[in-house]
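The next block holds one structure in the form of structure tokens; read it before the comments.
Proteins get letters first, then strands, A, B, ... in listed order; numbering begins at 1 in each. This structure is a prediction, so every number in the text was calculated from the model and none was measured.
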Number of protein chains: 2
Amino acid sequence: MPFSFPFLSELTLDCVILAFHEDKLKVLLLRLRQTQDWSLPGGLIRKDEGVDEAACRTLKERTGLEHIFLQQFKVFGQVKRYDKEEIKEKLKHLVAPEKWFDRAVSVGYYALVDYAKVTPAPDALADECRWWDVQSLPSLLFDHQHIIQVARQSLRIQLNWQPIGYNLLPEEFTMPELQRLYETILGRALDPRNFQRKMLGLGILDRLGIRRKGGAHKAPYLYRFNKGHYDAVLKEGNMFFT
Amino acid sequence: MPFSFPFLSELTLDCVILAFHEDKLKVLLLRLRQTQDWSLPGGLIRKDEGVDEAACRTLKERTGLEHIFLQQFKVFGQVKRYDKEEIKEKLKHLVAPEKWFDRAVSVGYYALVDYAKVTPAPDALADECRWWDVQSLPSLLFDHQHIIQVARQSLRIQLNWQPIGYNLLPEEFTMPELQRLYETILGRALDPRNFQRKMLGLGILDRLGIRRKGGAHKAPYLYRFNKGHYDAVLKEGNMFFT
DNA sequence: GCAAAAGTGTTCAGTATACACCCATGC
DNA sequence: GCATGGGTGTATACTGAACACTTTTGC
């Protein structure tokens, strides 16, 4: 490794970028050049940037998005996180064997983004960058399968405390859409009446007009998040969801 | 730095070791040789140990304790976490200027321990190691003041979800003692009747005999944690405390 | 007019909260 | 016997959970 290597060599980060589309929770994955396996976006931290900044940069590079809720959720610090020989073999066309770090600790982040606003962008090392349904992931490199599991679990816990949806849904959305988002993350059905009452009770939603098109049924109301109240609830973190 | 330096050079850890004594929350601090300022125990991670293992090792070295609840709570990853020149000057008798890492990211941990079971042990670099009341901390090196604040906040949040006390109180304790622990962490008074009902309702306590001595008043019951039930509640994390 | 989804209100049970009195002990 | 803290029970308010019917729309 040359002396001027501008990145930290012992610490990396991984971003679990989640979105919601067609009632499914999606995660953004990359397929590195000439490999069959996929991996999380993430990677190196510049020596002159904070770890959180590096996570924001990664998010921006892959999705084009900024000012997104990005949550540090866990440090993956075991000595042996995955089978290094297997990875070296699979990625030998990309990284010379002597260039591999001895060991890297990784900081896990998750982000929640609006599916429609993202144009997944592969980087120089990747052939493809696209959304995958978290329910049916492809084969993943490193310990990324595990990282995604832990991220989803952290997200589920966060849901008990804080509102979710601000960057995950379009600006305007309907109550059933918001409910399906919650149901997808929690993995179980919720009662529409109780759900609506609770959400409206939090005062983080503003109701707009009626939407007409699209649905072949009764037209639902449109809502928009009230950013001020939303942020207040986010900060206080006193929203229970059991 | 010699090639054989056996520690990670970009990543460190800091342990906020908390205990409860005389109705006060205490934190264990070290005073480095020939300095007036104090700092958190922690430090380097060996290249052949996991980050969590390193935190356990640190805890054991300073307190002699093992098998303690140790919680990763945050990565402190800004580029400039504190005034490096000030620190270099203050610690110049301990660390040669050229030995300073360019930058270190730190993983914060907190641990909850039984005050009576700890014999604080300074390490080779420290003159003193002792408990300080979190309400009146001395002058601290690095960003350790900040780290302690974040740890306490994380602890308060954890309290809403999980039982606390297993390693913090002696084996046998009274209900008022447990209540004072909660009151100290939460920073407000709780109703003794409701507190007792909730704790007993969780089924994590076993009542023993009556204790006689000590108190100049009615003898309170002694309790012990039921480890099995305690761990179950810890795992489920469904205990609200608002 | 029928199927599919959206919207709304009420009841019930469980739990958090507030509150007052008696009991045991050391001095 | 009195001051201090420990222990217990009850009434009330709130909140979450369960539940059924009407409305709108496209076909």
Side-chain angles (χ1 to χ4, degrees), chain A residues 22-23 156 159-163 169-170 172-184 186-224 233 236-242, chain B residues 22-23 159-163 165 169-170 172-184 186-224 233 236-242:
Chain A
E22 291 175 347
D23 295 358
R156 238 171 284 140
L159 212 53
N160 291 307
W161 285 94
Q162 296 179 325
L169 291 173
E172 301 183 350
F173 52 89
T174 67
M175 193 61 77
E177 281 165 4
L178 182 61
Q179 183 178 338
R180 277 192 291 272
L181 168 61
Y182 272 79
E183 288 177 334
T184 302
L186 290 172
R188 64 195 167 85
L190 298 171
D191 183 294
R193 305 173 277 256
N194 296 334
F195 182 82
Q196 179 148 181
R197 198 183 3 249
K198 174 171 295 198
M199 282 298 155
L200 293 178
L202 287 169
I204 59 175
L205 298 178
D206 292 336
R207 184 184 279 193
L208 311 175
I210 301 267
R211 87 162 169 193
R212 46 187 190 292
K213 271 216 173 158
H217 311 293
K218 180 168 177 178
Y221 291 105
L222 282 174
Y223 293 88
R224 183 183 288 158
V233 174
E236 291 167 32
N238 53 2
M239 165 205 187
F240 297 130
F241 226 101
T242 51
Chain B
E22 290 174 348
D23 295 357
L159 211 53
N160 290 308
W161 285 92
Q162 296 181 326
L169 292 172
E172 302 183 351
F173 52 88
T174 68
M175 193 59 77
E177 282 164 4
L178 183 61
Q179 184 179 338
R180 277 191 291 273
L181 167 61
Y182 270 81
E183 289 176 333
T184 303
L186 290 172
R188 65 195 166 85
L190 299 170
D191 183 296
R193 302 172 277 254
N194 297 334
F195 182 83
Q196 178 147 180
R197 200 185 357 250
K198 174 172 295 197
M199 281 297 156
L200 293 178
L202 287 170
I204 60 175
L205 298 177
D206 291 335
R207 184 184 278 195
L208 312 176
I210 299 269
R211 85 161 170 194
R212 46 188 188 290
K213 267 218 176 156
H217 311 294
K218 179 167 177 178
Y221 291 105
L222 282 174
Y223 293 88
R224 182 184 291 158
V233 175
E236 291 167 32
N238 54 2
M239 166 206 186
F240 298 128
F241 227 100
T242 51

Discussion item. Is it the case that the base of C:dA5 and the side chain of A:His217 share a donor-acceptor contact (distance under 3.5 Å, atom types as modelled)?
Written reply: no

Practice prompt. Give one of base, sugar-phosphate or nothing for A:Arg180, where a contact means two heavy atoms less than 4.0 Å apart.
Written response: nothing

Worksheet entry | Rounded distance in Å - CG (A:Asp191) to C1' (D:dC21) | 14 Å

Item to complete: Take atom CD of B:Gln196 and atom P of D:dG5, then tell me their distance rounded to the nearest Å.
Response: 17 Å

Worksheet item: Using a cut-off of 4.0 Å on non-hydrogen atoms, how would the nucleic acid contact of A:Pro176 be classed: base, sugar-phosphate, or nothing?
Response: sugar-phosphate

Worksheet item: For the pair made of CG in A:Leu190 and P in C:dG7, what is the distance, rounded to whole Å?
Response: 16 Å

Worksheet item: Are the side chain of B:Glu172 and the backbone N or O of B:Tyr223 linked by a donor-acceptor pair below 3.5 Å?
Response: no

Worksheet item: Tell me: CZ of B:Arg193 to C1' of C:dC22, nearest whole Å?
Response: 13 Å

Worksheet item: Nearest to the side chain of B:Lys198 - C:dA16, C:dA5, C:dC23?
Response: C:dA16

Worksheet item: CZ of B:Arg188 versus C1' of C:dA18: gap in Å, rounded?
Response: 14 Å

Item to complete: Taking only the side-chain heavy atoms of A:Arg207 (C-beta and beyond), determine which of C:dT8, C:dA5, D:dC19 contains the nearest atom.
Response: C:dT8

Worksheet item: Between atom OH in A:Tyr223 and atom C1' in C:dA6, what is the gap in whole Å?
Response: 10 Å

Discussion item. Salt bridge check, B:Arg180 against B:Asp23: does any charged N sit closer than 4.0 Å to a carboxylate O?
Written reply: yes

Worksheet item: So which nucleotide from C:dG7, C:dC19, D:dG7 ends up closest to the side chain of B:Asn194?
Response: C:dC19

Discussion item. Please check: side-chain N/O of B:Gln196 versus main-chain N/O of B:Met175, any donor-acceptor pairing under 3.5 Å?
Written reply: no

Worksheet item: Taking atom P of D:dG7 as reference, at what distance in whole Å does atom CG of B:Leu205 sit?
Response: 12 Å

Fill in: Under 3.5 Å: donor-acceptor pair, side chain of B:Gln162, backbone of B:Leu159
no

Worksheet item: Any idea which of C:dG7, D:dG7, D:dA17 is nearest the A:Met175 side chain?
Response: C:dG7

Worksheet item: Which atoms form the tightest heavy-atom contact between B:Val233 and B:Leu202, and what is the distance?
Response: CG2-O, 4.2 Å

Fill in: Distance in angstrom units between A:Leu178 CG and C:dA6 P, rounded
13 Å

Worksheet item: When you measure from the side chain of A:Arg197, which nucleotide among C:dA6, C:dG9, D:dT4 comes out closest?
Response: C:dG9

